[in-house]
Amino acid sequence: MRVLGIETSCDETGVAIHASGAGLLAHAVYSQIELHAQYGGVVPELASRDHVRKLAPMVRQLLNDEGLEGHDIDGVAYTAGPGLAGALLVGAAFGRSLAFAWGVPAIGVHHMEGHLLAPMLEQEQPPFPFIALLVSGGHTQLVLVEGVGRYRLLGESIDDAAGEAFDKTAKLLELGYPGGPALAQLAQHGDPARFRFPRPMTDRPGLDFSFSGLKTFALTTWQQNAPQATDSDRLKADIARAFEDAVVDTLLIKCRRALQQTGVNSLVMAGGVSANRQLRDAVAQMMSKLGGRAFYPRPELCTDNGAMIAYAGWQRLRAGQHETLGFDIRPRWDMQELPQI
Ligand code: KG4
Ligand code: ZN
């Protein structure tokens with residue numbers, strides 16, 4: 001079974017084909033970063049219009065590159081939520097229509113389920129049950145995963161998501177948009193001993209997160225030190241390092257707690273922030289110390305992409321799940337409501 005996957009929940013247009021046996025045949029991502037950079041953030045209407053422009057040519061190109069035609073595709077999966085309503089509508093309308101034209105089933109996929117299952121696209125697949133740490137621009141969640149569609153939310157961010165905190169802190173340090181990767185790069189040159197940022201909500205029980213205070217902490221540290229700083233690049237790097245250390249440490253503390261609470265010893269990490277080198281290394285180190293195992297996708301499959309949607313859709317379509325002829329989007333969507341397979 002060959003499934004075409006379409007991702008348009010935010011500012012990346014992603015397309016991919018996943019096939020039974022062969023796995024991921026091909027994928028392509030077009031990032032709208034340049035389009036939104038001048039506004040310092042994603043402009044939803046511009047995002048939708050750009051998805052409209054890019055989707056058809058990207059799907060055509062993908063099929064051509066693989067020597068495939070429409071009748072070689074057995075199902076279409078599109079992101080149905082959560083995300084920007086207009087952007088989701090573009091992918092859903094396009095995907096549902098293509099499936100209708102080709103006479104194949106279609107399925108709306110949960111974006112975070114896509115992230116969560118992305119490590120399955122790698123050679124070594126995590127065994128169920130596992131704990132998933134989902135760290136993206138919109139979500140920070142700890143999920144107990146007992147199978148596809150068997151998700152129990154253990155904790156989540158009560159304010160900014162980890163990626164959002166990276167982006168906002170980068171913005172106040174004037175590192176451009178989206179600043180997460182730039183901040184991470186700068187942090188590599190920072191002095192870890194100069195500042196110590198708090199590890200929010202780690203001194204009380206529970207698995208929820210709160211990252212918005214770290215951004216304020218970064219701002220105050222900047223304001224207090226910038227006037228007398230002789231080297232402001234150095235100061236920015238040291239703040240970036242203290243911020244990143246605090247985020248990584250906080251995520252690790254909560255992951256360890258989730259593993260202990262559930263008695264599970266495999267940890268999956270996915271979503272844009274899981275591309276962060278320091279976080280990947282720290283998680284791997286922690287899991288080897290705990291005698292467990294860590295799994296994460298290759299960096300290009302950590303951020304938004306069509307491959308994870310094709311894979312999640314393939315799992316559901318081959319189990320017989322599909323949509324009616326209509327289509328629906330869910331800008332807000334609790335992953336725990338998804339059906340099991
Ligand atoms: O999963 P994703 O591509 O989109 C959402 O579903 O939100 O995640 C994007 C987020 C952004 O906030 C971005 O700054 C962050 O992931 N990100 C990173 C890194 N690469 C992407 N944050 C820290 N370090 C990175 N290397
Ligand atoms: Zn995402």
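Atoms within a ligand are numbered from 1 in the order they appear, just like the ligands themselves. Side-chain atoms are counted along with the backbone in the values below, which use heavy atoms only and exclude waters and symmetry mates.
The closest heavy-atom contact to atom 16 (O) of ligand 1, among the options Ala162, Ala118, Ala270, Gly272, comes from Gly272.
No side-chain N or O of Glu337 forms a donor-acceptor pair with one of His110 less than 3.5 Å apart. Inspection of the Tyr177 and Gln38 side chains reveals no N or O donor paired with an N or O acceptor under 3.5 Å. Between the side chains of Ser9 and Glu7, a donor-acceptor pair is found at a separation under 3.5 Å. Gln61 and Asp65 form a side-chain donor-acceptor contact under 3.5 Å, judged by distance and modelled atom types alone. For the residue pair His111 and Asp304, a side-chain donor N or O sits within less than 3.5 Å of a side-chain acceptor on the partner.
Taken to the nearest 0.5 Å, the CG atom of Asp72 stands 9.5 Å off from the CH2 atom of Trp102.
In this structure, atom 3 (O) of ligand 1 lies nearest to the protein heavy atom Asp304 N, 3.0 Å. Distance from atom 11 (C) of ligand 1 to its nearest protein heavy atom, with residue and atom name: Asp167 OD2, 3.5 Å.
For an aromatic pair to be called close, the ring centres must be under 6.0 Å apart, and Phe243 with Phe166 satisfies this.
Among the atoms of Asn276, some N or O lies under 3.5 angstrom from an N or O of ligand 1. At least one N or O atom of Gly137, backbone or side chain, sits closer than 3.5 Å to an N or O atom of ligand 1.
Of the possible donor and acceptor atoms, none in the side chain of Tyr311 sits under 3.5 Å from a partner among the backbone N and O of Ile309.
For ligand 1, the atoms closer than 4.0 angstrom to any heavy atom of Thr303 are 3 (O). Every atom of ligand 1 with a heavy atom of Gly163 under 4.0 Å away is listed here by number and element: 12 (O). Proximity to Gly138 (heavy-atom distance under 4.0 Å) selects the following atoms of ligand 1: 7 (O).
For His111, the heavy-atom gap to ligand 1 drops under 4.0 angstrom.
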| side-chain hydrogen bond (donor to acceptor under 3.5 Å, both in side chains) between Tyr296 and Glu122: does it pass, once the steps are laid out? | CA-CA 8 Å; Tyr296 23 68; Glu122 303 303 344; over 6 Å; no
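Contact annotation for Ala184 and ligand 1: only side-chain heavy atoms (C-beta onward) come within less than 4.0 Å of the ligand. Of the heavy atoms in His115, only side-chain atoms (C-beta onward) come closer than 4.0 Å to ligand 1.
Counting only protein N, O or S atoms closer than 2.8 Å to the Zn ion (ligand 2) gives 3.
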